[in-house]
J.: 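Pasting in a structure now, in structure tokens, and then I'll have a few things to ask.
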Amino acid sequence: MRGSIGIIDSGVGGLTVAKEILQRLPTESVIYIGDRERCPYGPRPAEEVREYTIEMATALSKMGIKMLVIACNTATAVALEEVRKLFSFPIIGVITPGARAAVNATKTGKIAVLGTIGTIKSSAYDKEVLNLLPDATIIPLACPEFVPIVESGQYKSEFASEVVKRTLHAIVDKDFDAAILGCTHYPLLESYIQTHLPDHVKIISSAIETARDVEQTLLVNGIGNLSKSHKKPVFFTTGSPEDFLEIVVDWLSIEEPDVRHIEL
Ligand code: DGL
């Protein structure tokens, strides 16, 4: 597993980022950890999220990764800077790429941010967006019910649609033309989110933009895999590998994925 790209999240959400990385960089090897046992991170105190993020980064560091992607907005918001100080390999998060994508997409500068309680409380997106577009208006919305729906595999259900509709009701009449999916679990609910927001609102996921940043980071640091051979991705979960496997198969369309349990 030496020389792989490490990807971490509280659960299956980071798979939305892993999917884009695997598509964009097919010769790279990927190791993923989803801390499903302790998911969701969103409602947890920042100190706890930091501690768990460092545990996952340490586990991947011991496996010899060459770079790390914190594919979790909540962890990026509260732990990115601290984790960067602890390891010598390049580390990127998902908030800067997401903010950049939203700024490129908006015409009015009015941007909704959907995220976990932790991400919304941190105002991390507000800071990033305002850095790039000082006149922007941010409409933040915490969506604490979304992650449990995705983690329980109910992301294609009438129930999911109802919860999305009820949650988005709080902002549906407000004036904005872009909505950031500020949690990596949310792309699995994207079709419902699009349905329950006005048609003109562009839905922004940071996954594609993050994959671009990964490519750039490999290039700048001269650590891309130049050979054509790559190892099969390995997915670790602190929870049950069986449940995790189902979502990997469905979302990444990988037949017989290598899913293993890990204790942190
Ligand atoms: N997928 C994560 C995020 O992007 C975390 C969700 C959670 O564990 O609450 O914020």
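Fair warning: this is a prediction, and the values are worked out from it, not measured in the lab. Note that the numbering runs from 1 along the sequence shown for the chain.
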J.: Would you mind reporting whether M67 and N221 have side-chain heavy atoms less than 4.5 Å apart?
T.: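 The answer is no; the side chains never approach within 4.5 Å.
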J.: Using a strict threshold of under 4.0 Å (side-chain N to carboxylate O), is an ion pair present between R84 and E81?
T.: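 Yes, E81 and R84 are salt-bridged.
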J.: Evaluate the side-chain proximity of V163 to Y192: yes if any heavy-atom separation is below 4.5 Å, no if none is.
T.: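 With C-beta onward as the side chain, the pair stays apart.
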J.: Within the side chain of T74, is there an N or O that forms a donor-acceptor pair under 3.5 Å with the backbone of G118?
T.: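 A pair under 3.5 Å: no.
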J.: Is the shortest heavy-atom distance from the side chain of P233 to the side chain of I254 under 4.5 Å?
T.: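 P233 vs I254: side chains touch.
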J.: Are V249 and W251 grouped together when hydrophobic residues (ILVMFWY) are joined by side-chain heavy atoms under 4.5 angstrom apart?
T.: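 As far as the 4.5 Å side-chain criterion goes, W251 and V249 are connected within one cluster.
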J.: Taking I7 as the starting point, is it possible to reach V49 by hopping between hydrophobic residues whose side chains are less than 4.5 Å apart?
T.: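 As far as the 4.5 Å side-chain criterion goes, I7 and V49 are not connected within one cluster.
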J.: Tell me every residue that passes salt bridge (charged side-chain N to carboxylate O under 4.0 Å, His left out) with E190, counting only those two or more places apart in sequence or in another chain.
T.: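 Checked E190 against salt bridge (charged side-chain N to carboxylate O under 4.0 Å, His left out); zero matches.
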J.: Run the salt-bridge test on D177 and K107 with the 4.0 Å N-O cut-off and return the result as yes or no.
T.: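 Result for this pair is no, no salt bridge flagged.
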J.: Tell me, please, which residues at least two apart from E209 pass side chain to side chain donor-acceptor pair (under 3.5 Å).
T.: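 So E209 forms a side chain to side chain donor-acceptor pair (under 3.5 Å) with R100, R212.
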J.: Ion pair present between E28 and K66, side-chain N to carboxylate O less than 4.0 angstrom?
T.: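 Result for this pair is yes, salt bridge flagged.
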J.: Can you tell me if H200 has over 12 outside heavy atoms packed within less than 6.0 Å of its NE2?
T.: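 Enclosed: over 12 neighbouring heavy atoms sit under 6.0 Å from NE2 of H200.
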J.: For the CD1 atom on I208, are there more than 12 heavy atoms of other groups (residues, nucleotides or ligands in this structure) within a distance under 6.0 Å?
T.: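 Count not over threshold, so no.
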J.: Does V69 form a side-chain contact (heavy atoms from CB on, under 4.5 Å) with T217? I'd like the steps, not just the answer.
T.: CA-CA 11 Å; V69 182; T217 305; over 6 Å; no
J.: Mind checking salt bridge (charged side-chain N to carboxylate O under 4.0 Å, His left out) for K121 and listing every partner two or more places apart, or none if nothing turns up?
T.: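 With neighbours one apart ignored, the set is empty.
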J.: Return all side-chain donor-acceptor pairs below 3.5 angstrom for residues 54-64, not counting sequence neighbours, or 'none' if the list is empty.
T.:
residue : atom : partner : partner atom : Å
E55     : OE1  : R38     : NH1          : 3.1
E55     : OE1  : R38     : NH2          : 2.8
T58     : OG1  : I54     : O            : 2.6

J.: Just by modelled atom types, is the G239 backbone N or O under 3.5 Å from a matching donor or acceptor in the H261 side chain?
T.: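 Yes, H261 side chain to G239 backbone: donor-acceptor pair under 3.5 Å.
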J.: Please check this pair: side chain of T238 against backbone of E37, looking for a donor-acceptor N/O pair closer than 3.5 Å.
T.: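 A pair under 3.5 Å: yes.
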J.: Which ring-ring contact (aromatic ring centres under 6.0 Å, His included) pairs, counting each pair once, include a residue from residues 41-97, with sequence neighbours left out?
T.: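 Residue pairs passing ring-ring contact (aromatic ring centres under 6.0 Å, His included), neighbours aside: Y41-Y52, F87-F89.
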J.: What about Y155 and V164, same hydrophobic cluster or not, with Ile/Leu/Val/Met/Phe/Trp/Tyr joined at side-chain heavy-atom distances under 4.5 Å?
T.: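 Result: yes, single cluster for both.
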J.: Strictly distance-based, threshold 3.5 Å: is any side-chain N or O of S152 a donor or acceptor partner for the main-chain N or O of P148?
T.: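 Yes; at least one donor-acceptor contact below 3.5 Å.
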J.: NZ of K202: more than 12 outside heavy atoms within 6.0 angstrom?
T.: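 Yes, NZ of K202 has more than 12 neighbouring heavy atoms, counting only those of other groups under 6.0 Å.
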J.: What's the verdict on side-chain contact (heavy atoms from CB on, under 4.5 Å) for L218 and I5, showing C-alpha distance, side-chain angles and the deciding distance?
T.: CA-CA 10 Å; L218 295 176; I5 299 170; 4.1 Å; yes
J.: Apply side chain to side chain contact (heavy atoms under 4.5 Å, CB included) to A46 and list each qualifying residue two or more places apart in sequence or on a separate chain.
T.: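 Testing A46 for side chain to side chain contact (heavy atoms under 4.5 Å, CB included), a comparison that skips the adjacent residues, returns R50, V78.
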J.: Check the pair N73 / T116 against side-chain contact (heavy atoms from CB on, under 4.5 Å), numbers first and verdict last.
T.: CA-CA 8 Å; N73 292 265; T116 66; over 6 Å; no
J.: Can you measure from OG (S10) to CD (E151) and round to the nearest 0.5 angstrom?
T.: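 Here the interatomic distance stands at 6.0 Å.
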J.: Report the C-alpha separation of T210 and E20 in whole Å, then their side-chain angles, then the decisive distance to 0.1 Å, and conclude whether the side-chain contact (heavy atoms from CB on, under 4.5 Å) test is met.
T.: CA-CA 8 Å; T210 302; E20 296 301 334; over 6 Å; no
J.: Would you please classify the geometry between the Y186 ring and the F146 ring as parallel, tilted or perpendicular, with 30° and 60° separating the classes?
T.: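 Geometry flag for Y186 against F146: perpendicular rings.
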J.: Should L181 and I247 be regarded as members of a common hydrophobic cluster, given that ILVMFWY residues are connected when their side-chain heavy atoms come within less than 4.5 Å of each other, either directly or indirectly?
T.: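 Per the 4.5 Å side-chain linkage, L181 and I247 are co-clustered.
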J.: Is I139 linked to I180 within one hydrophobic cluster, defined over Ile, Leu, Val, Met, Phe, Trp and Tyr using a side-chain heavy-atom separation of less than 4.5 Å?
T.: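 No, I139 does not connect to I180 through the hydrophobic network.
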J.: Check whether any side-chain heavy atom of V248 sits under 4.5 Å from a side-chain heavy atom of Y32, and report yes or no.
T.: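 The answer is no, as the side chains (C-beta and beyond) never meet within the 4.5 Å cut-off.
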J.: Which distance, rounded to the nearest 0.5 Å, do you find between the NZ of K156 and the CD1 of I149?
T.: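 So the NZ of K156 and the CD1 of I149 are separated by 15.0 Å.
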